[in-house]
Amino acid sequence: MKALKIAGGGVAAILLAEALGLQNAASAGIITLLTVQNTRRETVMSSVRRFAGFGIMPLLSLPIYHFCGTAPWSFGIVLLLLLLLCYAFRMDDATPINAVMATHYMFAGGVSIGMVGNEILLLVIGSGIGVCLNWFMPRNLKKIHEMQRQLDEEIRGILERMSVRLLEVDHTGYDDSCFARTERLSEELRREIDLFLQNQTWQDDIYFMRYTAMRREQCRVLQVMYRQLLRLNQIPEQATPLSAFLKEIAQHFHEGNDCTALLEQLEEQFAAYRRDALPETRAAFENRAILYSILTELRSFREIKQRFYLALPEQERKQMFERLTRDITPPAQLQ
């Protein structure tokens with residue numbers, strides 16, 4: 001698609017330049033080629049740098065071609081100074097097309113008002129068509145939503161497996177490969193979100209970036225819970241309600257959950273621990289302590305999501321629920 005856009009845009013730029021009777025019309029096609037970048041923001045910023053470089057180039061060409069003539073070595077001086085200035089101001093991508101335009105002045109015998117106007121029009125046509133081509137970049141929102149769903153499904157699966165393993169002393173075959181998958185998914189999601197933001201031109205919609213950071217933070221908490229769970233060598237009676245609670249969290253694990261109800265249930269679990277009689281043996285005490293530690297981490301896990309949810313502006317929260325209700329999740333699951 002990018003190749004087709006560049007080829008078609010290059011032809012259109014040349015034809016338009018020829019229709020306007022411009023000299024060196026083919027350069028408009030080359031400008032279009034150099035303008036089209038991977039994202040809208042890159043394309044716009046690249047064009048801005050080229051126009052800034054164009055402002056420098058005639059100022060260099062005018063005195064050098066006037067006093068030194070238009071021999072190739074004079075062009076070498078112009079090019080050297082142009083490169084040094086563009087590198088100094090971090091406008092490297094402005095040098096190729098402006099260097100080509102410097103040769104136009106050289107072949108024309110120097111800088112004139114007519115030639116400057118000609119080059120400006122070439123730059124406007126080539127850059128304008130390039131920007132227009134990239135303005136209609138396909139939005140990758142659908143892919144982001146799908147990757148969000150996949151990441152949430154992985155985390156839901158981790159919670160469900162924990163609820164089962166909590167009631168088992170033998171943890172053979174229970175490894176941490178699931179966390180490698182969540183890390184890979186979250187990194188891929190981060191790259192897609194970065195591409196999405198670059199295609200917003202000036203608008204920085206960082207909801208998705210905050211969402212991914214929140215899920216990664218939750219995964220780190222789950223890893224702590226996983227390591228604690230492996231230390232269990234008995235099944236205290238408190239493991240049964242904790243297992244049921246983990247299963248309930250998995251069932252209600254969703255982007256739109258504000259966690260208020262689940263945190264209230266969590267506090268009830270803590271209250272139950274305080275009411276229970278103290279363990280009578282050292283082993284029972286240690287295993288009860290592990291369960292309590294898991295419950296504490298679970299509170300952190302839910303609070304991370306609640307902080308994210310409460311920090312959302314009302315408009316973003318409304319848009320999230322509209323999208324979830326319409327595209328992804330049945331309303332009954334948004335508890």
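Treat the numbers as computed from the prediction; the structure is a model and nothing was measured. Scope of the values below: all heavy atoms of this structure, side chains included, with no hydrogens, waters or symmetry mates.
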Inset, instruction - State plainly whether the residues Glu286 and Arg282 are in salt-bridge range, i.e. N to O under 4.0 Å. - result: yes
Legend entry - Least distance between heavy atoms, Leu79 atom then Ala99 atom: CD1-CB, 3.7 Å
Inset, instruction - State, to 0.1 Å, how close Glu154 and Arg161 come at their nearest heavy-atom pair, and which atoms those are. - result: O-NH2, 4.4 Å
Legend entry - Pair His66 and Tyr105, ring centroids less than 6.0 Å apart: no
Inset, instruction - Would you mind checking if Glu187 and Arg190 are paired as a salt bridge, meaning a charged N to carboxylate O distance below 4.0 Å? - result: yes
Legend entry - Path from Val224 to Leu246 over hydrophobic side-chain contacts below 4.5 Å: no
Legend entry - Co-membership, hydrophobic cluster, residues Phe253 and Leu298, 4.5 Å side-chain: yes
Legend entry - Least distance between heavy atoms, Ser74 atom then Cys68 atom: OG-O, 3.2 Å
Legend entry - Closest approach of Pro58 to Pro63 (non-hydrogen atoms, all atoms of both residues): O-CD, 4.5 Å
Inset, instruction - Please report the closest heavy-atom contact between Leu122 and Ser27, naming both atoms and the distance. - result: CD1-CB, 4.3 Å
Inset, instruction - Please lay out, stage by stage, how Ile290 and Ile294 fare under the test side chain to side chain contact (heavy atoms under 4.5 Å, CB included). - result: CA-CA 6 Å; Ile290 291 172; Ile294 290 174; 4.1 Å; yes
Inset, instruction - Determine whether Leu82 and Phe51 fall in the same hydrophobic cluster, where Ile, Leu, Val, Met, Phe, Trp and Tyr are linked whenever their side-chain heavy atoms lie under 4.5 Å apart. - result: yes
Legend entry - Short N-O contact, Asp92 and Arg49, less than 4.0 angstrom: no
Inset, instruction - In plain terms, say whether Arg184 and Glu188 are close enough for a salt bridge, that is, a side-chain N and a carboxylate O under 4.0 Å apart. - result: yes
Legend entry - Residues Ile6, Thr32; criterion side chain to side chain contact (heavy atoms under 4.5 Å, CB included); working and verdict: CA-CA 7 Å; Ile6 292 172; Thr32 299; 5.6 Å; no
Legend entry - Distance (rounded to the nearest 0.5 Å) between Leu189 CG and Thr182 OG1: 12.0 Å
Legend entry - 4.5 Å side-chain heavy-atom contact, Met91 and Ile56: yes
Inset, instruction - Rounded to the nearest 0.5 Å, what's the gap from CZ on Arg227 to CG on Leu222? Could you check? - result: 11.0 Å
Inset, instruction - To the nearest 0.5 angstrom, please state how far the CD1 atom of Ile193 sits from the NZ atom of Lys143. - result: 12.0 Å
Inset, instruction - Could you tell me the separation between the CE atom of Met147 and the OG atom of Ser186, rounded to the nearest 0.5 Å? - result: 9.0 Å
Legend entry - Pair Arg215-Gln218, side chain to side chain donor-acceptor pair (under 3.5 Å): steps then yes or no: CA-CA 5 Å; Arg215 287 304 191 212; Gln218 284 189 312; 2.6 Å; yes
Inset, instruction - Please report the closest heavy-atom contact between Glu297 and Val221, naming both atoms and the distance. - result: O-CG1, 3.2 Å
Legend entry - Any donor-acceptor N or O pair under 3.5 Å, side chains Gln223, Arg220: no
Inset, instruction - Verify the cluster assignment for Leu22 and Phe107: are they in a single hydrophobic cluster under the rule of side-chain heavy atoms below 4.5 Å apart? - result: yes
Inset, instruction - Look at the side-chain heavy atoms of Ile, Leu, Val, Met, Phe, Trp and Tyr, link any pair under 4.5 Å apart, and say whether Leu81 and Tyr87 land in one connected group. - result: yes
Legend entry - Results of ring-ring contact (aromatic ring centres under 6.0 Å, His included) for Tyr226 - residues two or more places apart only: Tyr174, Phe179
Inset, instruction - Would you indicate whether Leu84, at its atom CG, is surrounded by more than 12 heavy atoms from other residues, nucleotides or ligands within a distance under 6.0 Å? - result: yes
Legend entry - From Trp73 atom CH2 to Ile64 atom CD1, the distance as rounded to the nearest 0.5 Å: 9.5 Å
Inset, instruction - Determine yes or no for a side-chain-to-main-chain donor-acceptor pair under 3.5 angstrom, with Arg50 supplying the side chain and Leu34 the backbone. - result: yes
Inset, instruction - Could you check Gln238, Gln234, Glu237 and say which one makes a side-chain hydrogen bond (donor to acceptor under 3.5 Å, both in side chains) with Arg288? - result: Gln238
Inset, instruction - Drop me the distance from Ser61's OG to Ile77's CD1, to the nearest 0.5 angstrom. - result: 11.5 Å
